[in-house]
*Asks:* 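Pasting a structure here, questions to come.
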Amino acid sequence: MLERIEEIRGEASAAIAAAGSSAELEELRVRYLGRKAELTGVLRGIAELPPEERGEVGGAANRARKELEALLEQSAERLSASELEQQLVSDRIDVTLPGAPPRPVGHPHLIARTTRLIEDTMVGLGYHVAEGPEIEHDYYNFTALNHPPGHPARMLQDTFYVQSHPDVLLRTHTSPMQVRSMEAKPPPIFVVVPGKVYRRDSDATHSPMFHQVEGLAIGEGLTLADLQGTLLAMCRALFGAERELRLRPHFFPFTEPSVEVDVSCFQCGGSGELAGGERCNLCKGQGWIEILGAGMVDPNVLGFVEGHGYDAERVQGFAFGIGVERVAMLRHGVPDLRRFFDNDVRMLEQFG
Amino acid sequence: MRAPLSWLREYCDPGMDPAALADRLVMTGTEVERIDTVGPKSGDGFVVGKVLAREQHPDADRLSVCRVDTGEGERTIVCGAPNVDAGQTVAVVLPGATMPGGMKIRKAKLRGVASEGMILSAAELEIAEEADGIMVLDDGPPPGTPLSEVLPLGEPVLEIEVTPNRTDCFGVHGVAREVHAITGAPLAPDPWAEDASAEGEGEASDYASVRVDVPELCPRFTARVFTDIAVAPSPAWLQARLTAAGQRPINNVVDITNYVMLLTAQPLHAFDLDKVPGGELIVRTAEDGEKMTTLDDVERSFDAETVLVCDREGPSGIAGIMGGQRSEVSDATTRVLLEVACWNGTNILRTSRMLGLRSEASSRFEKQLHPDLCLRAQRIASRLLIELCGAKMVPGTIDEAAEIPEPRRLRLRASRVEGLLGMTISQDEQKVYLERLGFEASADGDDLEVVVPPDRHYDVTREVDLIEEVARVHGIDEHLPTTLPATGTEVGGLSRAQRLRRRAEDGLRDLGFDQVVGWSFTDPGEAGRLRIPDDDPRATPVLLANPLSEEQSAMRTTLLGSLLDVAARNNARGAGNLALFESARVYLQDATPADGVDPLAGHFAGDQPAPFSEPHRFAALATGSLSERSWRGGGEAADFFALKGALEALARQLGVALSFAAAEQPFLHPGRSAAISIGDTAAGWLGEVHPLVCRTWDLDAAVAFEIDAAPLLAAATVGEERYEDVTTFPAVYQDLAVVVPADVPAEAVSEAIRAGGGELLQGAEVFDLFEGEQLGENRKSLALNLEFRAPDRTLTDEEVAGLREAIKAKLDEIGGTLRE
Ligand SMILES: [Zn+2]
């Protein structure tokens, strides 16, 4: 019996030493140390041996088992290191193939992004953002903005009306929220109103739907000079810190005095000429670009909210309206207003 | 309004070049659109000539060979005009000069005869629109005199866009007064200061009578009578001036009425008195349906609010808008009744819009002129009719006037000037500016007492209007300081809903969707194309009364239509995969009650609720794939679950739990569509677009959702989260395989598990779906990962085992069993 144990030990040791792979090693482990292995059978059968043989045979078998286990472990380590080596060699990839593409992020619409830029600038100046209805009562769009019925100023903006509601229209400007905002909150009030507006006009420079941001500031002692400062801050945020403003007197029914506001051209720096000496195409050689309309809120408008705490002898302020498409066109060189509503993804994806 | 510079300078000459003057006008509130030039840019080579002899061209019937004295000697000029003749004084252009159109004049042979220059017509000089032949000048200036000394050549014309409040600037004199105010250059005496002398026979009332039946619509009607009129073409200077101002010369009488209107802004109308039966005029409103043929040879029909100027035989003109053919001045006219009236502006505007007829006269009257202007115009026109038409003015003016408004008096407080503008303008300066503008101003302490002139009566009605006048003349651009307002305790910011909406938009963008801005307009047929039945409220959009086109005549009730439009357009251009979203409003008929202010739900600030409901929505649409195709795979067609995953990812960013239930929409695949709800609130839909709808839009397939912003953002917890202790006591994770009948929705399984697991169950995510024969007919197996956690202790195996039993019991109720 002892010889047989020694035989098995010798045979197994040689086989383990010669094993060339982990799989082979596992086979050997099963063959020599598994449940059906001879050595295992010897150990299991010890109880049946005569008592005087038990100690010697058991000791030899256990030693042989331990030795083989140690050998198996050593070989396993050796083999796994070399197998990993091989594995790594065979795992080689073509690193020049393209990477797995993640889902690319989408793009904000230029109108939305520009609106946010204007909102954020005004929020920084202390304004809230309010929104009003696009389908509006004539009262808020015209009457309360000092356009009485039959007033020729109503013809300045050709208006869409709603069928079978003669006093309901699509707002022609964001200004109706001036009166709505004042109805909702006593002075002081600092608010900007972004949103869609509609005019019955469609050609290369007019879209029947477009976007505006309205500004309204009412309090004690607000002046035309304050309006100029506010607009200067806004225009510098939109068009660059070097910009200057020019206020030209104008007429709007709901402001008095009213001004149209030009910003110095950011392409030619206000000179009207480009570096090469040719005429600046952005400002058409003027050096100035018309950008918005503004003015001191007309006392007649405040008269419509007198009951809400707006006494024109005590509080005053200013309002302005800026076209979002115009700002976006100027900032990004978009040549045609209609591109914004075409939503061609080839354009959308230019702006991130 | 076109203001020829030479005409302007007749009343006020600031000695500035046209561009500098235009700049000054622009910066003080008069918009000069451009400076036009009428006639040759340079007068060089344009001279007065005398035709010494005219002979028939030997080889051309219609050409004449003329010997012309042009000062420096005689020259031969071939002329094609039929009216050329010896003895005429004419306008000649010499070789080397440039014509208004840019053509350079050269010596040329015409049918074998050398011609050195050209005899000009008025049209060629751009001082008339058309001409029958050459222009014959008055004798006097010797040959060789530069033509520019006789005629306005290269006349700069200011094209002014007059704002509707400044009725005075619809006349050259008003613009001249403005130039006087802003430059300080002297203003000539008023051209109406002196009246004509009446040398006709009898009294005006012997020839004509006027009855005004509607004084509220005709505050003043004045008429004068002229006899011995000789109708003829106007002299060259008048024709040139009218042409430069954009008015076509007709004959001297009509030209004078136009000239005076262009000068004073007050329209006039000349009747052939012999065609006004009995010389009797009646101003009345029309019978509904009454008709008349106007000067432009169009028969027009009126309503009961139209004001007509009539004679015994019927309508003779539409008040303030256009005269009639019947009493038009013709070459045979010898007696003229000159009407200068004042009309109700609102009524004129209304009628002009109703008729779709706008004239030079109506565009002035509609802005409300002052009755005082009538006599100014009568006086200037009378002098010209006598001077240019040989007329005799019959003494007396017929003047039917309702009450003429008292001059307006206003107080201008120094404190208000400074308080409103934020800049100081001295009292002396204020007074000077106002007086130059035609106001009377007298000091009273620091303030001014001001009287408004009639042509500013309806424009300057309050102190603030005076402040604007002094501010703009003073120079806002030059003098206004730049300050920022004190905002006191007001602090700006976005509302939570506004911030969350931005977060949602950014979330969709980061999930790969491009933002679009669709039209709010659609056509009424869109609902049909979306298969929406007629009784669905979405098939009844808000309709426009005056749309630009049928395609833009309804307000959209869903964002889906415009997303499909955008997808179809891009698809047609060869775009492959499209992932689009829009964040915008829809417009619904049912007016919502104004409970509070939630602009996202269509409740806005203000005393009156919005006329219609305008809820804000988010909608997305994908065609093609939502995943990128590469050499490793990907690029599977976007289906229900691809878009649902994106929507769920969006909801997670906002901290909102959405639930989905199978529900049909007419425009969605009936088996692949869901209703979205948040808590108990229905919030929108999600699904694969119905194949028939896809076909209508020429798309292979599409998947879309639309969700109301108000409930979504109201449920958002992002930004308001509370700290939860998840580290002190560990969670227990277990997987669960549930076999249920195939028609039991996963949502029901999750609900049963949540009900069984109670508060200690923190999460139950489906991670596998298995359908196979070994489960039996019509059964499926869902695998879920469960997370159990107690905030105050480590859960024991017994506790978790108990929860599993409870879950098992709940699953049993929906026919589910656990697969061990
Ligand atoms: Zn420029």
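Each chain gets a letter, A, B and so on, in the order its sequence line appears, and its residues count up from 1. When reading the values below, keep in mind they use all heavy atoms of this one structure, side chains included, and skip hydrogens, waters and symmetry mates.
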*Asks:* Between V517(B) and M209(A), is a side-chain contact (heavy atoms from CB on, under 4.5 Å) present by the stated rule, with each step listed?
*Replies:* CA-CA 11 Å; V517(B) 174; M209(A) 176 184 89; 4.2 Å; yes
*Asks:* Under a 4.5 Å heavy-atom cutoff, which of S627(B), A605(B), G488(B) has the most pairs with chain A?
*Replies:*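 Top option by heavy-atom pairs under 4.5 Å: A605(B).
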*Asks:* What part of R629(B) gets closer than 4.5 Å to chain A, counting heavy atoms only: side chain, backbone, both or neither?
*Replies:*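 Only the backbone of R629(B) comes within 4.5 Å of chain A.
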*Asks:* I'd like to check Q498(B) versus E131(A) (side-chain heavy atoms, cut-off strictly below 4.5 Å). Are they in contact?
*Replies:*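 Touching, per the 4.5 Å side-chain cut-off.
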*Asks:* I'd like to verify something: which residue of R632(B), E628(B), R502(B), H616(B) has the highest number of heavy-atom pairs under 4.5 Å with chain A?
*Replies:*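 Of R632(B), E628(B), R502(B), H616(B), R502(B) has the most heavy-atom pairs under 4.5 Å with chain A.
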*Asks:* Step by step, would you call R413(B) with E313(A) a salt bridge (Lys or Arg N to Asp or Glu O under 4.0 Å)?
*Replies:* CA-CA 12 Å; R413(B) 291 169 291 175; E313(A) 280 290 308; 3.0 Å; yes
*Asks:* Assess the residue pair R569(B) and D344(A) against the criterion (salt bridge (Lys or Arg N to Asp or Glu O under 4.0 Å)); give the C-alpha distance rounded to whole Å, side-chain angles, the decisive distance to 0.1 Å, and a yes or no.
*Replies:* CA-CA 8 Å; R569(B) 256 200 316 275; D344(A) 187 321; over 6 Å; no
*Asks:* Any non-hydrogen side-chain atom of D514(B) less than 4.5 Å from a side-chain atom of L348(A)?
*Replies:*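 In short, these two side chains touch, coming nearer than 4.5 Å.
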*Asks:* Relative to chain B, which of A233(A), P101(A), G221(A) shows the most heavy atom pairs under 4.5 Å?
*Replies:*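 The answer is P101(A).
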*Asks:* Before you tell me yes or no, could you show the steps for R116(A) and D506(B) under salt bridge (Lys or Arg N to Asp or Glu O under 4.0 Å), namely the whole-Å CA-CA distance, both residues' side-chain angles and the distance that decides it to 0.1 Å?
*Replies:* CA-CA 12 Å; R116(A) 281 196 194 180; D506(B) 292 349; 3.1 Å; yes
*Asks:* Quick one: what part of E256(A) sits under 4.5 Å from any heavy atom of chain B, side chain, backbone, both or neither?
*Replies:*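 For E256(A), heavy atoms of backbone and side chain both lie under 4.5 Å from chain B.
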*Asks:* Quick one: what part of Q552(B) sits under 4.5 Å from any heavy atom of chain A, side chain, backbone, both or neither?
*Replies:*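 Side chain of Q552(B) only, per the 4.5 Å heavy-atom cut-off to chain A.
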*Asks:* Is it the case that D607(B) and H308(A) place a side-chain donor and acceptor less than 3.5 Å from each other?
*Replies:*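 The answer is yes; a qualifying pair exists.
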*Asks:* Pick one of side chain, backbone, both or neither for L245(A), based on which atoms fall under 4.5 Å of a heavy atom in chain B.
*Replies:*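 Backbone of L245(A) only, per the 4.5 Å heavy-atom cut-off to chain B.
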*Asks:* Would you say the side-chain atoms of N300(A) and R462(B) include a donor-acceptor pair closer than 3.5 Å?
*Replies:*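 Note: N300(A) and R462(B) side chains meet the donor-acceptor criterion.
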*Asks:* Non-hydrogen atoms of chain B under 4.5 Å away: do they reach the side chain of S164(A), the backbone, both or neither?
*Replies:*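 S164(A) has no heavy atom closer than 4.5 Å to chain B.
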*Asks:* Does any backbone or side-chain atom of P166(A) lie under 4.5 Å from a heavy atom of chain B? Answer side chain, backbone, both or neither.
*Replies:*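 Contact with chain B involves no heavy atom of P166(A) at all.
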*Asks:* Can we call the ring centroids of F612(B) and H165(A) under 6.0 Å apart?
*Replies:*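 Between H165(A) and F612(B), which both carry aromatic rings, the centre distance is below 6.0 Å.
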*Asks:* Please classify the contact of V345(A) with chain B as side chain, backbone, both or neither, using a heavy-atom distance under 4.5 Å.
*Replies:*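 Answer is both: backbone and side chain atoms of V345(A) are under 4.5 Å from chain B.
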*Asks:* Which bit of V305(A) is near chain B, if near means a heavy-atom gap under 4.5 Å: side chain, backbone, both or neither?
*Replies:*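 Neither the backbone nor the side chain of V305(A) comes within 4.5 Å of chain B.
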*Asks:* Heavy-atom distances under 4.5 Å only: say whether W519(B) touches chain A with side chain, backbone, both or neither.
*Replies:*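 For W519(B), the contact with chain A is made by backbone and side chain together.
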*Asks:* Answer yes if the side chains of Q608(B) and Y139(A) hold a donor-acceptor pair under 3.5 Å, and no otherwise.
*Replies:*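 No pair is found: no donor N or O on one side chain lies under 3.5 Å from an acceptor on the other.
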*Asks:* Which region of N570(B), side chain (C-beta onward) or backbone (N, CA, C, O), has a non-hydrogen atom less than 4.5 Å from a non-hydrogen atom of chain A, or is it both or neither?
*Replies:*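 Side chain only.
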*Asks:* Checking heavy atoms, do the side chain of A217(A), its backbone, both or neither come under 4.5 Å from chain B?
*Replies:*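 The answer is neither part of A217(A).
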*Asks:* Does the side chain of F160(A) come within less than 4.5 Å of N546(B)'s, by heavy atoms?
*Replies:*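 The answer is yes; the side chains approach within 4.5 Å.
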*Asks:* Please lay out, stage by stage, how R248(A) and D477(B) fare under the test salt bridge (Lys or Arg N to Asp or Glu O under 4.0 Å).
*Replies:* CA-CA 7 Å; R248(A) 286 179 285 110; D477(B) 186 45; over 6 Å; no
*Asks:* Please look at E260(A) and chain B and tell me whether the side chain, the backbone, both or neither of the residue comes under 4.5 angstrom of a heavy atom of that chain.
*Replies:*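 For E260(A), the contact with chain B is made by the side chain alone.
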*Asks:* Does one side chain, of T487(B) or Y127(A), offer a donor that lies under 3.5 Å from an acceptor on the other?
*Replies:*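 Judged by distance alone, the side chains do not pair up.
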*Asks:* Which bit of N347(B) is near chain A, if near means a heavy-atom gap under 4.5 Å: side chain, backbone, both or neither?
*Replies:*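 Neither part.
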*Asks:* Using heavy-atom distances under 4.5 Å, tell me whether L578(B) contacts chain A through its side chain, its backbone, both, or neither.
*Replies:*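 The side chain, not the backbone.
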*Asks:* Considering only heavy atoms and a distance below 4.5 Å, find which of V259(A), L232(A), L247(A), L222(A) pairs most often with chain B.
*Replies:*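 Maximum pair count with chain B is reached by L247(A).
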*Asks:* Can you tell me which portion of D167(A) sits under 4.5 Å from chain B's heavy atoms? Options are side chain, backbone, both or neither.
*Replies:*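 Looking at D167(A), nothing touches chain B.
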*Asks:* Chain B heavy atoms under 4.5 Å from M296(A): which part of the residue, side chain, backbone, both or neither?
*Replies:*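 M296(A) touches chain B through side-chain heavy atoms alone.
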*Asks:* For chain B, which of D342(A), I189(A), V192(A), V123(A) has the most heavy-atom pairs under 4.5 Å?
*Replies:*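 Ranked by contacts with chain B, first place is D342(A).
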*Asks:* Of the backbone (N, CA, C, O) and the side chain (C-beta and beyond), which part of L420(B) lies under 4.5 Å from a heavy atom of chain A, both, or neither?
*Replies:*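 Backbone plus side chain of L420(B), per the 4.5 Å heavy-atom cut-off to chain A.
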*Asks:* Examine whether an atom of F318(A) lies under 4.5 Å from a heavy atom of chain B, and if so say whether it belongs to the side chain, the backbone or both; otherwise answer neither.
*Replies:*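 When you check distances to chain B, only side chain atoms of F318(A) fall under 4.5 Å.
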*Asks:* Find the one option among S520(B), A471(B), A486(B) whose heavy-atom pairs under 4.5 Å with chain A are most numerous.
*Replies:*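 Top count of heavy-atom pairs under 4.5 Å with chain A: S520(B).
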*Asks:* Take V129(A) and L494(B), measure what side-chain contact (heavy atoms from CB on, under 4.5 Å) needs, and give me the verdict at the end.
*Replies:* CA-CA 6 Å; V129(A) 178; L494(B) 296 176; 3.4 Å; yes
*Asks:* Could you give me the CA-CA distance, side-chain angles and deciding distance for R416(B) and Q316(A), then say whether side-chain contact (heavy atoms from CB on, under 4.5 Å) is met?
*Replies:* CA-CA 11 Å; R416(B) 283 301 275 176; Q316(A) 62 193 36; 3.3 Å; yes
*Asks:* If you tally heavy-atom pairs under 4.5 Å against chain B, which of I135(A), V162(A), V191(A) wins?
*Replies:*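 It is I135(A).
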